[in-house]
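Before any comments, here is the structure.
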Amino acid sequence: MVKIATWNVNSVKARLPNLLAWLGDAAPDVVLLQEIKCVDDAFPRMEIEDLGYNLAVHGQKTYNGVAILSKGPLDDIRRGLPEGDGDDHARYIEAVASFGDLVLRVASIYLPNGNPVDADPVGSAPFSDKYRFKLAWMDRLRRHAQATLALEEPTVFGGDYNVIPTADDVYAPDAWREDALFRLESREKFRAIIHLGLTDAYRALHPDETRAYTFWDYQAGAWQRDNGLRIDHLLLSPQAADLLTACDIDKAPRGREKASDHTPIWCELQRP
DNA sequence: ATGGTAGCACGGCTA
């Protein structure tokens with residue numbers, strides 16, 4: 001059995017005590033981190049390696065940054081999505097993690113937020129640069145996922161997608177209709193990725209669960225009111241979906257002191 | 001309530 005988790009930590013340095021405690025408690029075999037907010041050289045390698053993890057890091061100063069932690073060896077590490085001309089955001093890293101006869105391709109994804117949606121009053125573009133960047137990035141992710149699926153390997157595309165897939169995945173859908181996380185364009189492009197043949201691991205195993213969130217804003221008492229969003233996802237290739245035995249959201253880290261605004265979601269894959 | 005909180009880095013951006 002291999003346990004794979006994804007967590008947007010909102011700065012790996014600010015979150016280090018919480019991250020180390022959670023790694024000990026949850027004992028995931030693979031962890032996909034987003035928003036590490038530091039360059040590769042500033043990543044707290046020793047502390048995490050001491051817990052038995054191999055590392056692949058794609059860092060950036062101040063913003064973004066993604067990483068993969070794995071108790072099995074990591075090979076074929078790829079940083080950045082294809083077609084990256086002019087894209088200096090560290091939002092994608094992929095590697096092959098091996099656990100005996102179970103060899104998994106895993107990707108840590110930090111999809112652009114896209115807000116604000118509206119363009120500046122001056123200029124003719126229908127949307128802001130940020131929203132158009134998000135939508136274009138989703139097209140690139142879809143094309144790369146399509147190419148990766150052609151390998152017919154067990155693959156997990158995990159991370160902070162910054163997309164609320166359906167009205168059941170947000171506490172107040174009507175208040176979020178015009179937000180970049182819930183607008184039709186974002187949801188359509190997310191559906192197009194799913195329709196390549198990927199399985200949303202959480203929804204596959206919990207089709208009717210409501211108030212199943214992975215993010216609660218720091219503001220306005222969102223955590224205390226359970227005003228959350230489900231925006232962190234584990235999308236599985238058919239070969240990985242065939243091995244899926246469990247998936248859940250671990251809400252405990254969100255309730256701790258110095259919490260990230262996101263909480264981990266994990267799944268288990270097991271050879272039959 | 002054009003607010004509220006957090007991180008980085010020390011002013012303003014990102015979320």
Side-chain angles (χ1 to χ4, degrees), chain A residues 6-22 32-44 47-48 57-67 86-92 108-121 127-138 141 158-165 169-172 174-183 185-187 189-190 213-233 251-265:
Chain A
T6 180
W7 190 11
N8 178 325
V9 289
N10 186 20
S11 167
V12 71
K13 284 184 276 185
R15 215 63 58 214
L16 190 58
N18 282 9
L19 174 61
L20 296 175
W22 174 78
L32 311 171
L33 297 180
Q34 301 87 37
E35 279 206 273
I36 63 172
K37 292 187 171 179
C38 65
V39 296
D40 293 9
D41 288 345
F43 192 89
E47 294 90 331
I48 292 171
V57 180
H58 184 32
Q60 183 179 337
K61 186 181 177 183
T62 309
Y63 303 118
N64 311 317
V66 286
D87 176 6
D88 57 351
H89 296 205
R91 294 180 176 274
Y92 186 91
S108 179
I109 293 165
Y110 179 44
L111 208 147
N113 177 296
N115 281 307
V117 169
D118 290 336
D120 296 333
F127 299 129
S128 68
D129 288 348
K130 284 185 179 158
Y131 193 49
R132 285 185 289 121
F133 180 70
K134 175 181 192 159
L135 298 176
W137 205 94
M138 294 183 79
L141 176 60
D160 176 1
Y161 280 75
N162 269 314
V163 175
I164 302 162
D169 300 310
V170 50
Y171 67 96
D174 287 336
W176 285 79
R177 297 277 176 207
E178 299 305 315
D179 192 277
L181 278 62
F182 195 49
R183 276 189 64 102
E185 299 87 2
S186 298
R187 291 159 60 192
K189 289 192 185 295
F190 185 78
Y213 306 135
T214 63
F215 166 89
W216 298 259
D217 201 285
Y218 286 124
Q219 301 178 65
W223 168 247
Q224 289 76 11
R225 299 164 190 261
D226 197 24
N227 288 344
L229 316 174
R230 192 174 73 92
I231 56 175
D232 299 88
H233 307 296
K251 288 173 73 170
R254 185 62 181 85
R256 302 217 171 97
E257 287 297 310
K258 287 278 290 180
S260 169
D261 41 4
H262 296 251
T263 213
I265 168 174

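The chains referred to below are lettered A, B, ... by the order of the sequence lines, with proteins before strands, and numbering in each begins at 1.
- Side chains of A:N113 and A:L181 form a contact here, defined as non-hydrogen atoms less than 4.5 Å apart.
- Using atom C1' as the reference point in both B:dT2 and B:dG7, the two lie 22 Å apart (nearest Å).
- Nucleotides B:dA15 and B:dG4 have their C1' atoms positioned 13 Å apart, rounded to a whole Å.
- Taking atom P in both B:dC8 and B:dG3, one finds a spacing of 24 Å when rounded to whole Å.
- For A:D217, the side-chain contact (heavy atoms from CB on, under 4.5 Å) partners at least two apart in sequence or on another chain are A:F215, A:Q219, A:A222.
- Within 4.0 Å (heavy atoms only), A:F215 reaches no atom of the nucleic acid at all.
- Summarising the geometry, the separation between CG on A:N64 and C1' on B:dA15 is reported as 11 Å, rounded to the nearest angstrom.
- Across the protein-nucleic acid pair, A:K134 atom NZ and B:dT14 atom P stand 15 Å apart, rounded to whole Å.
- With contacts defined as side-chain heavy-atom distances shorter than 4.5 Å, the pair A:Y218/A:N10 qualifies.
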* To do: Report, as a single string ordered 5' to 3', how protein heavy atoms within less than 4.0 Å touch nucleotides 2-10 of chain B: B base, S sugar-phosphate only, - not at all.
  => --BBSSSS-
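- Straight-line distance between the C1' atoms of B:dC10 and B:dA6: roughly 15 Å, to the nearest whole Å.
- A:R91 comes within contact range of the sugar-phosphate backbone alone, with a heavy-atom separation under 4.0 Å but no base atom that close.
- Checking A:W216 against A:N227 by side-chain atom types alone, no donor-acceptor pair falls below 3.5 Å.
- The salt bridge (Lys or Arg N to Asp or Glu O under 4.0 Å) test applied to A:D88 returns no partner, not counting sequence neighbours.
- By the 6.0 Å and 45° rule, A:R177 does not stack over the aromatic ring of A:F182.
- Taking atom CD on A:E35 and atom P on B:dC13, their separation rounds to 17 Å, with Å as the unit.
- In this structure, the side chains of A:N18 and A:P253 stay at 4.5 Å or more apart for every pair of heavy atoms.
- Protein atom OH of A:Y131 is 15 Å distant from nucleotide atom P of B:dA15, rounded to whole Å.
- The distance from atom CG of A:D160 to atom P of B:dA15 is 10 Å, rounded to the nearest whole Å.
- Here B:dA15 presents its P atom at 10 Å from CD of A:Q60, a figure rounded to the nearest Å.
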